[in-house]
> 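Structure in structure tokens, see below.
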2 protein chains.
Amino acid sequence: MTRTPAELAACIDVAMRRQPADIVIRGARIFDLITGEMRCQDIAICGQRIAALGEGYEGKRIIDAAGLTAVPGFTDAHCHIESSMVTPQEWERMVLPRGITSAVCDPHELANVAGTAAIDYFIASAKTLLMNLQVQMPSCVPALPTEEAGAILDAHALAPYAKAHALAEFMNVPGVIHGDADALQKLSDYSNRPIDGHAPLVSGDALNALCAAGITTDHECSSPEEALMKLRLGMTILVRAGSVGRNLEALLPLFESELSGNICLCTDDRDPRDVLLEGHLDAAIRKALAAGKDPLAVYRAACLTPARHFGWRDRGLIAPGYRADIVLMPDLLDCRAQRVLANGIEVTEEALAARPAAPSSAPFQGSIQVARAFTAEDFAPPMDEANVVGVVEGTLLTQALTRDTCTTPPAILALAARHGKSNRIGRAWADGFTLREGALASTVGHDSHNLCVVGTSPEAMALAANALRDCGGGFAVVKGNQVTGLLPLPVGGLLSDAPWQEVAAALERLHAAAEETGCTLKNPFLALACLPLPVIPHARITLDGFVKL
Amino acid sequence: MTRTPAELAACIDVAMRRQPADIVIRGARIFDLITGEMRCQDIAICGQRIAALGEGYEGKRIIDAAGLTAVPGFTDAHCHIESSMVTPQEWERMVLPRGITSAVCDPHELANVAGTAAIDYFIASAKTLLMNLQVQMPSCVPALPTEEAGAILDAHALAPYAKAHALAEFMNVPGVIHGDADALQKLSDYSNRPIDGHAPLVSGDALNALCAAGITTDHECSSPEEALMKLRLGMTILVRAGSVGRNLEALLPLFESELSGNICLCTDDRDPRDVLLEGHLDAAIRKALAAGKDPLAVYRAACLTPARHFGWRDRGLIAPGYRADIVLMPDLLDCRAQRVLANGIEVTEEALAARPAAPSSAPFQGSIQVARAFTAEDFAPPMDEANVVGVVEGTLLTQALTRDTCTTPPAILALAARHGKSNRIGRAWADGFTLREGALASTVGHDSHNLCVVGTSPEAMALAANALRDCGGGFAVVKGNQVTGLLPLPVGGLLSDAPWQEVAAALERLHAAAEETGCTLKNPFLALACLPLPVIPHARITLDGFVKL
């Protein structure tokens with residue numbers, strides 16, 4: 001964003017002490033992410049920016065930060081806001097007070113339902129936020145050409161956004177390595193911008209091909225060996241600390257000073273209950289520090305490296321000329337924000353309430369387009385008893401099992417088209433949900449967001465699916481012949497319009513209801529929603545049934 | 001530069017082994033600047049880029065690199081090609097075989113003579129080169145508003161270049177800290193691009209103000225303490241290893257892994273004789289390694305950090321998708337390039353000869369606009385005997401002396417207007433040239449490039465000055481009443497059209513002639529040329545005489 005001569009003059013006047021600063025943060029210990037020093041200096045702020053570090057600066061307002069440590073605001077280097085099931089404004093209200101002042105979001109989920117209208121909604125929303133929300137372009141909608149999503153975003157549709165936006169996770173790996181024309185056109189159109197990758201377990205020639213095509217990040221590493229292989233090809237590794245994909249612990253060895261210029265943190269998908277209980281990116285920082293990792297390496301990954309990777313010249317440091325994105329906290333190692341500034345504004349409920357009005361979510365209501373009510377016949381057990389998708393707690397990677405290799409008696413798994421384009425319903429088996437009786441249903445179903453249902457009987461599954469058809473989408477639990485849990489997500493079948501704490505509480509009730517069915521998974525709905533994922537090994541459910549990857 | 005779908009497809013085909021590479025570098029040990037590892041892998045090149053690292057890639061051409069170490073090409077993060085006294089094409093012929101595949105040049109010198117025509121000449125020249133020459137915009141022409149240069153580049157003149165170019169060293173520090181309108185307008189116009197600084201010994205509020213104004217680098221640090229002060233404010237430090245400004249030894253403590261993301265190398269001004277004798281940026285790398293500094297820190301500063309600082313996403317690493325800028329050398333610690341590739345082309349005399357024709361330098365001939373021949377009266381000794389500029393070997397910093405504090409009897413020092421705008425001649429004294437009899441003259445006179453003359457007698461000085469007036473500019477030596485040395489620099493009074501080795505040889509003869517006059521300075525002409533520098537402490541010569549800074 002161009003700085004005006006008047007803004008420059010104001011900052012210079014503050015630095016030269018000809019004018020008082022708008023805010024002076026006094027007495028904080030600044031953690032210097034370049035030198036690794038901890039220094040006591042005042043931070044003089046003018047408008048959106050830091051104007052000076054030093055002693056004795058005068059300010060119109062003083063923030064007494066004695067005893068607090070100041071670090072730059074954190075960046076979530078890759079996330080899908082939709083996975084938190086709230087609108088962007090509400091998402092900001094959830095994460096910004098925790099110190100996440102920047103995020104790179106990929107509106108891939110809503111775009112799979114509503115196409116460019118979803119992109120425009122996120123871009124318009126970002127403009128109303130206090131934080132720096134960078135909206136990337138969903139590169140693979142649908143994720144694979146064979147998918148039936150609510151929209152198709154080909155190169156032609158995405159080209160107009162290349163002037164101001166980067167390209168989000170390029171998950172169509174086969175498209176790249178086989179030189180698919182539309183994939184190459186997108187990569188070409190965005191070749192002057194950062195292009196994020198998504199390449200779980202990809203290696204060798206195929207990984208070379210992705211890098212050769214201009215893809216420069218990966219957030220799917222599940223082992224230090226995999227990360228090292230990708231670092232060696234020049235990739236920046238976004239260490240994921242999400243609600244389903246939890247790679248932080250496995251990747252802790254990466255948090256060394258030597259690698260810190262190439263390691264970022266991200267959440268990818270984060271459940272609001274987890275935010276309430278554990279935190280957001282701050283929880284990941286806390287965990288890495290609790291594991292004894294070097295604070296300089298950890299905070300560089302959280303603050304400086306993503307800014308440099310994405311080319312934000314004025315973010316990621318506490319230094320004059322930089323945006324005043326500052327987190328004040330009592331303890332560097334505990335990483336709990338006490339006060340947060342974003343673009344020079346202190347984050348308070350009042351400041352959040354004073355934001356410009358959010359864009360309307362009305363265009364995304366009524367997105368469950370299923371012509372007739374579901375029946376038990378729609379969810380009859382599949383004929384082939386070998387096709388079992390095995391869910392593993394804590395990872396997106398699934399197992400391709402047979403009934404013989406299951407840990408528990410498998411449930412029926414189904415995926416039903418819900419974008420009004422067909423009536424297809426694919427069926428298979430699922431292991432790991434440990435349902436005793438009943439069903440779970442979700443209109444969140446990565447990436448095309450068709451209706452996923454898992455259950456012990458066709459009848460319970462039909463009941464759960466119809467509950468969602470009736471309420472505009474969301475999550476449902478059926479126990480016996482009763483709907484015992486329902487969280488409506490009327491915005492695209494993915495988001496609630498409610499405050500995030502209400503969504504978290506509703507999810508809590510929903511999960512309690514799921515537990516009543518016997519399910520022992522920590523997060524059965526995100527697990528269910530990820531079973532149709534067409535880009536994650538090793539097994540999945542499609543509208544045509546079981547597929548082994 | 002946008003990559004076409006066809007180029008992407010070709011790279012992918014090579015990575016996937018569906019097509020042979022254009023070149024395969026076989027058997028080299030690759031120094032990985034991310035992990036610090038040394039690995040034996042083939043490098044498969046497709047067109048301008050690296051397509052893959054791995055084993056067994058087939059190529060139309062094989063470069064046998066057994067026993068050689070491969071590192072990314074080096075970047076000179078800040079230089080004035082004019083200081084090497086050759087044209088850009090010839091400069092490339094001088095530095096590229098040494099492994100300098102990228103450079104950030106500031107055509108500040110020729111722009112002081114010829115304005116935007118000089119900028120356009122450099123931009124057009126860059127397009128004919130094999131290397132990546134990034135032409136920055138000279139931000140301060142003239143260096144200070146009080147200077148009499150050949151051109152004035154105000155914000156209006158520079159604005160059109162902001163779309164594609166960065167802003168070079170902003171040396172008008174008073175203009176920034178006092179909020180000069182034209183300075184602020186330039187900083188505003190270039191606020192989305194990197195803005196280089198120039199702030200020797202600036203500290204405190206003024207340094208805060210420079211950073212607050214968006215200036216992000218400094219190449220004038222002369223001590224680790226000064227560098228640390230600037231690093232703490234977020235600046236990237238360009239460690240200078242030039243012919244006059246030699247800061248490398250003093251700044252060796254900066255070459256530590258922890259800081260390597262914020263340290264670059266540059267030459268600023270490099271004499272072709274020094275290139276012949278010692279090398280260019282490779283000599284700086286060699287020196288740092290010989291001093292025992294960590295190779296990872298040194299090569300990061302030479303290769304990776306400048307690329308990241310300036311936002312070149314595809315340079316600075318040997319990795320797929322990156323430009324094939326590769327240096328092959330027998331010994332990592334000795335840094336002597338044996339073979340060099342730039343943008344996928346092996347650098348040979350043939351490849352250099354096959355470059356597109358250089359733009360004409362004719363518009364810059366005849367730039368010495370002095371109406372009448374100089375006379376001895378023009379160089380009469382100054383009245384005030386206190387005003388002595390003290391030259392110190394090896395630094396641009398000068399001393400403000402009086403005749404009483406001189407180390408030797410001072411010589412007469414003069415600066416004569418040569419852009420046809422006035423007939424002013426300023427006079428003072430100079431200490432440190434140790435001339436016995438005679439004079440040295442130069443139309444290189446930073447930054448306005450008026451005619452500088454130093455001598456033991458007015459007669460010798462007039463003779464030297466007239467020799468330059470007659471030959472279109474350059475350097476002259478007078479001993480007794482004879483011109484004993486002359487290097488014509490007809491292009492703007494700054495550059496020769498001759499091959500660089502000829503210029504180096506001519507300089508050698510010139511310096512021998514200077515030595516005959518008793519001068520013991522290693523590089524008396526660069527020292528002389530820097531005495532009018534309006535932005536370097538502590539004393540200088542102007543068209544109005546002595547000034548203490």
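We use all heavy atoms of the structure for the numbers below, so side chains are in, but hydrogens, waters and symmetry mates are not. Convention: sequence-line order gives letters A, B, ...; per-chain numbering from 1.
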> Could you tell me which portion of A:R232 (side chain, backbone, both or neither) has an atom closer than 4.5 angstrom to a non-hydrogen atom of chain B?
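Both backbone and side chain.
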> Looking only at heavy atoms and a cut-off of under 4.5 Å, which of A:R17, A:K186, A:Q41 has the most pairs with chain B?
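Among the listed options, the one with the most contacts to chain B is A:R17.
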> I want to check a possible cation-pi pair here: B:R315 against B:Y322, using under 6.0 Å from ring centre and within 45° of the ring axis as the test.
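Judged by the rule (NZ or CZ under 6.0 Å from the ring centre, within 45° of its axis), B:R315 is not positioned above B:Y322.
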> Answer whether the closest heavy-atom distance between the side chains of A:N208 and B:Y57 falls below 4.5 Å.
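Yes. Closest side-chain heavy atoms under 4.5 Å.
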> Side chain, backbone, both or neither: which part of B:E37 has a non-hydrogen atom closer than 4.5 Å to chain A?
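Just its side chain gets close to chain A.
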> For A:V14, which atoms come within 4.5 Å of any heavy atom of chain B: side chain, backbone, both, or neither?
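Nothing of A:V14, per the 4.5 Å heavy-atom cut-off to chain B.
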> Verify, without hydrogens or angle tests, whether B:K230 (side chain) and B:A199 (backbone) share a donor-acceptor contact under 3.5 angstrom.
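Yes, the answer is positive, given that a donor and an acceptor are paired below the 3.5 Å cut-off.
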> In terms of heavy-atom pairs under 4.5 Å with chain B, which of A:A212, A:G54, A:A51 leads?
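The option with the most such pairs is A:A212.
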> Report yes or no: does A:S191 contribute a side-chain atom to a donor-acceptor pair with the main-chain N or O of B:R3 at less than 3.5 Å?
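Judged by distance alone, yes, a pair lies under 3.5 Å.
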> Between A:L210, A:D314, A:L184, which shows the greatest number of heavy-atom pairs under 4.5 Å with chain B?
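The residue among A:L210, A:D314, A:L184 with the greatest pair count is A:L184.
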> Considering only heavy atoms and a distance below 4.5 Å, find which of B:E256, B:H178, B:R49, B:R18 pairs most often with chain A.
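Ranked by contacts with chain A, first place is B:R18.
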> With heavy-atom distances below 4.5 Å as the criterion, would you say the side chains of B:M235 and B:T216 are in contact?
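They are not in side-chain contact.
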> So which residue, A:G321, A:S188, A:A9, ends up with the most heavy-atom pairs under 4.5 Å with chain B?
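With the most close heavy-atom pairs to chain B, the winner is A:S188.
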> Can you find a side-chain donor-acceptor pair between A:D189 and A:Y161 that sits under 3.5 Å?
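Per modelled atom types, A:D189 and A:Y161 side chains form no pair under 3.5 Å.
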> Is it the side chain or the backbone of A:I215 that comes within 4.5 Å of chain B heavy atoms, both, or neither?
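Looking at A:I215, nothing touches chain B.
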> Relative to chain A, which of B:H309, B:Q185, B:R308 shows the most heavy atom pairs under 4.5 Å?
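It is B:R308.
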> Heavy-atom distance under 4.5 Å to chain A: side chain of B:N192, backbone, both or neither?
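For B:N192, heavy atoms of backbone and side chain both lie under 4.5 Å from chain A.
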> Using a 4.5 angstrom heavy-atom cutoff, name the option from B:T35, B:I177, B:D32 with the most pairs to chain A.
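The candidate making the most pairs under 4.5 Å is B:I177.
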> Taking B:A213, B:A183, B:G261 one by one, which has the highest count of heavy-atom pairs under 4.5 Å against chain A?
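That would be B:A213.
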> Taking the side chain as everything from C-beta on, heavy atoms only, tell me whether B:D42 gets closer than 4.5 Å to B:I25.
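Heavy-atom side-chain distance check fails, nothing below 4.5 Å.
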> With chain A, which of B:G311, B:G234, B:A206, B:A52 has the greatest number of heavy-atom pairs at distances under 4.5 Å?
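With the most close heavy-atom pairs to chain A, the winner is B:A52.
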> For the residue pair B:C140 and B:F170, establish whether any side-chain heavy-atom pair is separated by less than 4.5 Å.
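The answer is yes, as the side chains (C-beta and beyond) meet within the 4.5 Å cut-off.
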> Looking only at side chains, do A:D294 and A:S257 share a donor and an acceptor under 3.5 Å apart?
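Judged by distance alone, the side chains do not pair up.
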> Sort A:R193 into side chain, backbone, both or neither according to what part of it lies under 4.5 angstrom from a heavy atom of chain B.
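For A:R193, backbone heavy atoms alone lie under 4.5 Å from chain B.
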> Contact part of B:L53 toward chain A, heavy-atom cut-off under 4.5 Å: side chain, backbone, both or neither?
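When you check distances to chain A, atoms from both the backbone and side chain of B:L53 fall under 4.5 Å.
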> Measure the CD1-CZ distance between A:I318 and A:F31 for me, rounded to the nearest 0.5 Å.
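The distance works out to 10.5 Å.
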> What part of B:Y190 is in contact with chain A, defined as an atom under 4.5 angstrom from a non-hydrogen atom: side chain, backbone, both or neither?
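Looking at B:Y190, nothing touches chain A.
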> With a 4.5 Å limit on heavy-atom distance, are the side chains of B:L259 and B:I237 in contact?
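Contact flag for B:L259/B:I237 side chains = no.
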> Looking at chain B, which one of A:P320, A:A15, A:A319, A:A181 has the largest number of heavy-atom pairs inside 4.5 Å, strictly under?
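Going by pairs under 4.5 Å, I would pick A:P320.
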> Grab the two heavy atoms, one from A:T305 and one from A:N262, that are nearest each other, plus how far apart they are.
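Here A:T305 and A:N262 meet closest at CG2-N, 3.8 Å.
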> Among B:M1, B:R300, B:R313, B:E55, who wins on heavy-atom pairs under 4.5 Å with chain A?
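Greatest number of close heavy-atom pairs with chain A: B:R313.
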